[in-house]
Every structure is written in structure tokens, then in C-alpha cells.
Amino acid sequence: QKEDIMNKYIMIDENNRNVREELKEWTLEELKEFFVTDTPEYSNVEKMKTVKDIDDLKELLAEEYNGMEVPYKFEKVEK
């Protein structure tokens, strides 16, 4: 979805609600950078390259949380 490049999102961390953080607007690329992991134990760099829209990111996070509820929710900022 090409329009996803232009969209902005807010991220809500259900485990750590913070009004100030929830006002921050993120692009998809910024969200991908926030969630990328590259350690000797685990790397999702290659998987993150396949993320093309917010739904892909949600799917990747669901996979990484291995069946547990993902604490992050995303809401599209309406222009």
C-alpha cells in the first residue's frame, strides 16, 4: 500500500500508558526502526525489510510475541 508511506500513526503501549508518548506521531519507517532487533541472540532485520504496511508490522509483532497478546496498538492519525 503506497499510501502507507504518507500515513502517520500513534503507538499505544498497553503495558506503559503515557499520554506524552501517545501524542507522538510515527511514520511506518520510524515504527520499523523502533521495533527492529539485531542482537547475537535474535535478529528481525531481514523480516523487517518485508514490512510494507502497518498490517505487516502487526503480523510481525504477533509472530514475535509468540501467541501472547502484543501490548502495542497503532492508530492512524487522521489528517
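Inter-residue side-chain proximity for K8 and T27 is flagged as met; some heavy-atom pair is nearer than 4.5 Å. With a 4.5 Å cut-off on side-chain heavy atoms, V45 and V36 count as touching.
F74 and W26 end up in the same hydrophobic cluster when Ile, Leu, Val, Met, Phe, Trp and Tyr side chains are linked at under 4.5 Å. If you chain together hydrophobic residues whose side chains sit under 4.5 Å apart, L28 and I12 never meet in one group.
When the shell of 6.0 Å around CD of E30 is examined, it contains more than 12 heavy atoms from other residues, nucleotides or ligands.
Residues satisfying the ring pair (Phe, Tyr, Trp, His ring centres under 6.0 Å) criterion with Y72, sequence neighbours excluded, are F35.
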**Prompt:** Hey, mind stepping through I54 and L31 against side-chain contact (heavy atoms from CB on, under 4.5 Å) and telling me if it holds?
**Reply:** CA-CA 9 Å; I54 198 72; L31 287 169; 3.8 Å; yes
Under 3.5 Å, which donor-acceptor pairs link side chains of residues 58-71 to any protein atom two or more places apart or in another chain?
residue, atom, partner, partner atom, Å
E63, OE2, K47, NZ, 2.7
E64, OE2, Y42, OH, 2.8
E64, OE2, N44, ND2, 2.7

Acceptor/donor pairs from residues 13-20 side chains to any protein atom, 3.5 angstrom cut, sequence neighbours excluded:
residue, atom, partner, partner atom, Å
D13, OD1, N15, N, 2.9
D13, OD1, N16, N, 3.4
R17, NE, E22, OE2, 2.6
R17, NH2, E22, OE1, 3.0
N18, OD1, R20, N, 2.9
N18, OD1, E21, N, 3.0

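Considering all non-hydrogen atoms of both residues, L57 and V51 come closest at N-CG1, 3.7 Å.
Distance check: I10 CD1 to E25 CD gives 8.5 Å after rounding to the nearest 0.5 Å.
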